[in-house]
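These notes concern the structure reproduced below.
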Amino acid sequence: MTEQTPVPVDVTDDLPEQMRVRREKRERMLAEGTEPYPVGYPRTTSLAALRERFAELPTDTATGETVSVTGRVIFLRNTGKLCFATLREGDGTELQAMLSLDRVGAERLDEWKRLVDLGDHVGVTGEVITSRRGELSVLAESWELTAKALRPLPVAHKPLSEEARVRQRYVDLIVRPQARQTVRTRATVLRSLRDSLHGRDFLEVETPMLQLLHGGAAARPFVTHSNALDTDLYLRIAPELFLKRCVVGGIDRVFEINRNFRNEGIDSSHSPEFAMLECYEAYGDYNTMATLTRELVQDAARAISGSHVVAHADGTELDLGGEWRSVTLYGVLSEALGEEVTVDTDMARLVQYAEKHNLAVDPKWGPGKLAEELFEELVVPRLHEPTFVRDYPIETSPLTRAHRERPGLAEKWDLYVMGFELGTAYSELVDPVVQRERLVAQAQLAAKGDDEAMQLDEDFLRAMEYGMPPAGGMGMGIDRLLMALTGLGIRETILFPLVRPE
RNA sequence: GGGCUGCUAGCUCAAUGGGCAGAGCAGCGGACUUUUAAUCCGCGGGUUCAGGGUUCGAGUCCCUGGCGGCCCA
């Protein structure tokens, strides 16, 4: 719903000089009958193809071959009768264009100098040569402006401020090779994940993002409204309950890669919308999911770096190879506390430990939740190498099967790397009666005002009552996977992260 | 939520203790037929985030707000 129609204003008044000048050049072209934004340019080759074909061309050589190329002007070096420009095309390949008086003529050379600014898109047709300095170039016979840039590019040799990079990613992409590389790395990782899953007979599905009830995880949802149904809807916090319906329906190996939305904090490792991989495997359990997850991550590492060792932006390396460490929650917590703690340790003892380590205790927490909080406080920041932390208290895992051997625990692991949680997996709870008990308990929490608790999803329970096979399920944050693979902050791995209005 | 900190030309940043708001790149004018962030000569360019206050005088000090960043809970 538009609250007000934008009022057209004459923006040409009162502009900074550089924008005014560029607008005037556009006007001048139109007045002279030249199109500043023509429909295209008949290019015959890409810059990358030329670079590849003529990689070995010796210095100061003319090939006799005429080509047409296009690109954005990123450097200009104009002299009296011979002008140089560096063009760059979408994949980042750069190539020099040369415009000489004797080839293009006085008029077109003058117009080049008069009209072309840094940032403009141009098309150039001419002979492939190398310059006297050995630079592979197209020596123009003719040229056209293909899109006039009305705003000046920022300085190419200084990094944009962090805020400008995020708010104007398009500019960041123009001036910073690392920004372009990150987009490609992310695409490579996504393709690798899909390839790895397809190779293991998993089927990709898309389940609802707009949901009538919110569930599948513990998180605060975004609320929106359907006019047609005249009802509030939730943006999903997880696809879990729908993917399990798929497994009930016989899609034995199923996955989804898409966005979840959580109405929570925004910081260097949390974004309100984030991409997630979730997958389920009938007759799998949390052990098969651990193997699968490790292989998915290792395949992705190999896809971007050729090995299990990935290079981070800060120059360090992270080795994701091998079997990965596997510990139990209470095991590492006991180690950190220096005293034996189990799922049976009573609340009073745990509170003592919390006080000793200056951890504020929420009175709503049970002993399981408190143990997890202690773990997050004392252990997680030190988990740099990939580590599976297994066997969580069942109290905090309402959708997880009880541990097959140890009462009070659930068959769940969290995968930690670089001090953050990368993924989680369960041996899924498939007994519809127990499932109902747990969800009713959640719904009662929700009714008492816990806005992270799930609502009672009768349709999900009905599905479970038709019989879901034993299954393992796993979820992994895509943005965080990129962080682990590249060492970048979450705002760099997400192309257009949410920012406050300017 | 708390603490610290930043916001100045298109971009990146300076500006002594409160005393004429500057540089590099970019831009404009000129020179240059082999440049590589070209070079040389000349010139312009500012609501110092917004609003209020103190002061003869505020980019600078104080208050409120906005948008970032870092640290802590």
Side-chain angles (χ1 to χ4, degrees), chain A residues 11 13-25 28 51 57-62 72-88 94-106 108-110 112-120 126-127 129-140 148-168 170-177 264-270 354-355 357-362 373-374 376-378 380-381 419 489-492 497-502:
Chain A
V11 295
D13 288 341
D14 202 35
L15 277 179
E17 181 193 24
Q18 300 192 47
M19 287 186 235
R20 205 191 62 237
V21 165
R22 285 157 186 258
R23 276 177 168 77
E24 285 167 2
K25 288 178 180 178
R28 195 186 311 161
R51 280 228 170 271
L57 198 60
T59 294
D60 204 9
T61 305
R72 186 193 291 273
V73 176
I74 57 162
F75 294 118
L76 273 175
R77 297 174 293 279
N78 289 346
T79 71
K81 301 185 181 66
L82 180 65
C83 298
F84 302 87
T86 304
L87 307 187
R88 186 168 62 210
E94 296 172 6
L95 192 76
Q96 178 167 274
M98 296 168 63
L99 298 97
S100 69
L101 177 65
D102 52 3
R103 295 272 184 140
V104 300
R108 286 301 278 162
L109 188 68
D110 185 57
W112 172 270
K113 285 190 272 191
R114 222 179 57 203
L115 293 174
V116 176
D117 291 303
L118 286 179
D120 290 353
E127 184 180 0
I129 65 160
T130 48
S131 72
R132 282 180 206 164
R133 294 291 179 88
E135 187 73 33
L136 184 64
S137 308
V138 174
L139 179 58
K148 181 74 199 156
L150 296 185
R151 289 177 183 269
L153 288 181
V155 180
H157 314 288
K158 298 258 185 179
L160 273 183
S161 67
E162 199 162 341
E163 187 173 2
R165 295 205 313 237
V166 170
R167 285 193 190 274
Q168 292 182 261
Y170 38 90
V171 178
D172 188 31
L173 290 167
I174 291 169
V175 299
R176 194 167 60 96
E264 294 172 350
I266 304 177
D267 62 31
S268 59
S269 64
H270 294 81
E355 282 165 359
H357 291 93
N358 295 317
L359 178 71
V361 178
D362 187 323
E373 292 287 337
L374 279 166
E376 282 178 25
E377 176 73 16
L378 301 177
V380 167
I490 197 166
R491 280 179 309 283
E492 299 296 328
L498 184 69
V499 286
R500 286 179 202 278
E502 282 178 85

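The basis for the numbers below is simple: all heavy atoms, side chains too, and nothing from hydrogens, waters or symmetry mates. Just so it is clear: chains get the letters A, B, ... in the order the sequence lines come, proteins before strands, and each one is counted from 1. Just so it is clear, the model here is predicted, and its values are computed rather than measured.
- B/rG6 is paired with B/rC67 under the criterion used here, namely a Watson-Crick or G-U wobble arrangement in which both key atom distances are under 3.5 Å.
- A side-chain hydrogen bond (donor to acceptor under 3.5 Å, both in side chains) with A/D117 is found for exactly one of A/K148, A/R151, A/Q18, namely A/K148.
- The side chain of A/M19 sits closest to B/rG10 out of B/rU34, B/rC28, B/rG10.
- Side-chain atoms of A/R500 lie closest to B/rG68 of the nucleotides B/rU33, B/rG68, B/rG10.
- Residues forming a side-chain hydrogen bond (donor to acceptor under 3.5 Å, both in side chains) with A/E17 (at least two apart in sequence, or on another chain): none.
- Between A/K25 and B/rC28 there is a side-chain polar atom (N or O) within less than 4.0 angstrom of OP1 or OP2.
- For A/F75, the ring-ring contact (aromatic ring centres under 6.0 Å, His included) partners two or more places apart in sequence, or in a different chain, are A/H157.
- Considering only the side chain of A/S161, B/rU12 comes nearest among B/rC70, B/rU33, B/rU12.
- Taking atom CG on A/L99 and atom C1' on B/rU33, their separation rounds to 12 Å, with Å as the unit.
- In this structure, A/R500 has no side-chain hydrogen bond (donor to acceptor under 3.5 Å, both in side chains) partners at least two apart in sequence or on a different chain.
- Closest of all the heavy-atom pairs between A/L57 and A/I129 is CD2-C, 4.2 Å.
- For A/Q18, the listed nucleotide lying nearest its side chain is B/rG10; candidates were B/rG10, B/rC28, B/rG68.
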Using nucleotides 36-40 of chain B, report all nitrogen or oxygen pairs with the protein that are shorter than 3.5 Å.
unit_1, atom_1, unit_2, atom_2, d
B/rU36, O2, A/E135, OE1, 3.4
B/rU36, N3, A/E135, OE1, 3.3
B/rA37, O4', A/H157, NE2, 2.9
B/rA38, OP2, A/R77, NH1, 3.2
B/rA38, N6, A/N78, O, 3.3

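- A close approach under 4.0 Å does occur between a side-chain nitrogen or oxygen of A/R167 and OP1 or OP2 of B/rG68.
- Judged by distance alone, with hydrogens and angles left aside, A/E162 brings no side-chain donor or acceptor close enough to the base of B/rG69 to form a pair under 3.5 Å.
- For A/E163, the salt bridge (Lys or Arg N to Asp or Glu O under 4.0 Å) partners at least two apart in sequence or on another chain are A/R167.
- The list of side-chain hydrogen bond (donor to acceptor under 3.5 Å, both in side chains) pairs with a residue in residues 94-103 of chain A, not counting sequence neighbours, reads A/R77-A/Q96, A/R88-A/E94, A/Q96-A/S137, A/S100-A/D102, A/R103-A/E127, A/R103-A/E141.
- Nearest nucleotide to the side chain of A/E17, out of B/rU33, B/rU34, B/rG27: B/rG27.
- Each of A/A360 and A/K113 lies near RNA chain B, and the nucleotide nearest A/K113 is the one positioned closer to the 5' end.
- Where A/E377 and A/A156 each meet RNA chain B at their nearest nucleotide, the meeting point lying more 5' is that of A/A156.
- The side chain of A/R491 lies closest to B/rG69, out of B/rG69, B/rU34, B/rC28.
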